[in-house]
Amino acid sequence: MLVNALLILLSSQHIWASKSEPSLGEEAAGLFRGSDRYDFAVVVPAAGMECFWHFAHQSGSFYLTYMVQWATGVATDQRLFVTVSSPQGDLMASRNEAVARINFQTEVTGFYRMCLGNHNNQFGSVRVFLNFGVIYEGFEESKREMEEGEKVLNSTLTSIQESVQKLQNQIFHMWRHYNFARMRRGKDHYLLLSNLSYVDWWSSTQTLIIILSGYLQLLVLKRLFQTDSSRPRC
């Protein structure tokens, strides 16, 4: 009886402690929940797809910025087919471009799925730089806090809170522009490396052709002035 009572008590505590939000398991790959903002690069294989899940609360501003920095193999088309789906599976946005920005308001709490499809290149992989996350403006919470503290706080402190909130939002947008500029710089860097490799290869090839053609011309001229020693000279 005592053991049964303990089991019932433990199970009831487990039910009370369960959360309504989705839980993360060790085997779940590609899930991002620890922070509101991420930026990194990923290589999408030829005719392949990479998907990531990002947790967002309701009434947030979800954003995704991506840029294809370089392509390998026989990849000629740098466009990337990107889709963003809600936790219910509804399509929120889609793009088929090399560089794009996606913004929308989150209406449901849960994991939003982002899929990167390299369907335009069947024989070449692409490197993509991603910058995504969720920003919560917090206007409602700030308004509620200011209404509750109106009796204690004066107008000066209220204006300071509003200024700090606006400053935080401006800093966040500056950070987004900085990440986009960093994407562009990375793409230009890989483009310069590709052009340098192209120039070095063609210069080496042309040098080899010039040396080979000079050697062949020398052999032809030498054969023109070659005489047979067995024949008597005039």
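Taking CD of Q78 as the reference point, atom CZ of R127 lies at 13.0 Å (rounded to 0.5 Å). Separation of atoms CG (N103) and OG (S61) is listed at 6.0 Å; rounding is to 0.5 Å. Interatomic distance, CZ of R101 versus OH of Y66, reported as 12.5 Å (0.5 Å rounding). Once rounded to the nearest 0.5 Å, the distance linking CZ of F132 with OH of Y63 reads 9.0 Å. Atom OG of residue S213 and atom CG of residue L218 lie 11.5 Å apart, to the nearest 0.5 angstrom.
Both F40 and L116 are members of a single hydrophobic cluster when ILVMFWY side chains are connected at heavy-atom separations under 4.5 Å. Connection of V82 to V42 is established within a shared hydrophobic cluster, with ILVMFWY side chains joined at heavy-atom distances below 4.5 Å, either directly or through further cluster members. Cluster annotation: V44 is not connected to F81 through the hydrophobic network of ILVMFWY side chains, with a link wherever side-chain heavy atoms come within less than 4.5 Å.
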Next item on the list: Apply the test side-chain contact (heavy atoms from CB on, under 4.5 Å) to residues V134 and H54: give CA-CA distance (whole Å), side-chain angles for both, the deciding distance (0.1 Å), then the verdict.
Entry: CA-CA 9 Å; V134 184; H54 183 58; 3.6 Å; yes
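Surrounding CD of E107 are at most 12 heavy atoms belonging to other residues, nucleotides or ligands under 6.0 Å away. Annotation for R113: atom CZ does not count as buried by contact number, only 12 or fewer foreign heavy atoms lying within 6.0 Å.
Here F52 and F111 keep their ring centres 6.0 angstrom or further from each other.
The two residues M49 and C115 come nearest to each other via the heavy atoms SD-CB, 4.0 Å. The nearest pair of heavy atoms linking N118 to A46 is ND2-CA, 3.8 Å. Taking all atoms of both residues into account, the shortest heavy-atom contact from A47 to Q122 is CB-OE1, 3.3 Å.
The closest side-chain heavy-atom distance from L80 to V128 is below 4.5 Å. Side-chain contact between T65 and L130 is absent, with no heavy atoms from C-beta onward closer than 4.5 Å. S125 places a side-chain heavy atom less than 4.5 Å from the side chain of T72. By the 4.5 Å heavy-atom criterion applied to side chains, Q88 and V108 are counted as neighbours. Proximity of E50 to P45: side-chain heavy atoms (C-beta onward) are separated by under 4.5 Å at one or more points. The closest side-chain heavy-atom distance from Y38 to N131 is not below 4.5 Å. Considering only heavy atoms from C-beta on, F129 comes within 4.5 Å of D39 through its side chain.
With respect to F62, the ring pair (Phe, Tyr, Trp, His ring centres under 6.0 Å) criterion is satisfied by exactly one of Y136, F104, F55: F104.
Side-chain polar atoms of T83 and S94 form no donor-acceptor pair below 3.5 angstrom.
Not a single donor-acceptor pair under 3.5 Å links the side chain of N120 to the backbone N or O of N96. Checked by atom type and distance alone, the side chain of N121 pairs as donor or acceptor with a backbone atom of D77 at under 3.5 Å. A distance-only check finds a donor-acceptor pair linking the side chain of T109 to the backbone of Q58 [under 3.5 Å].
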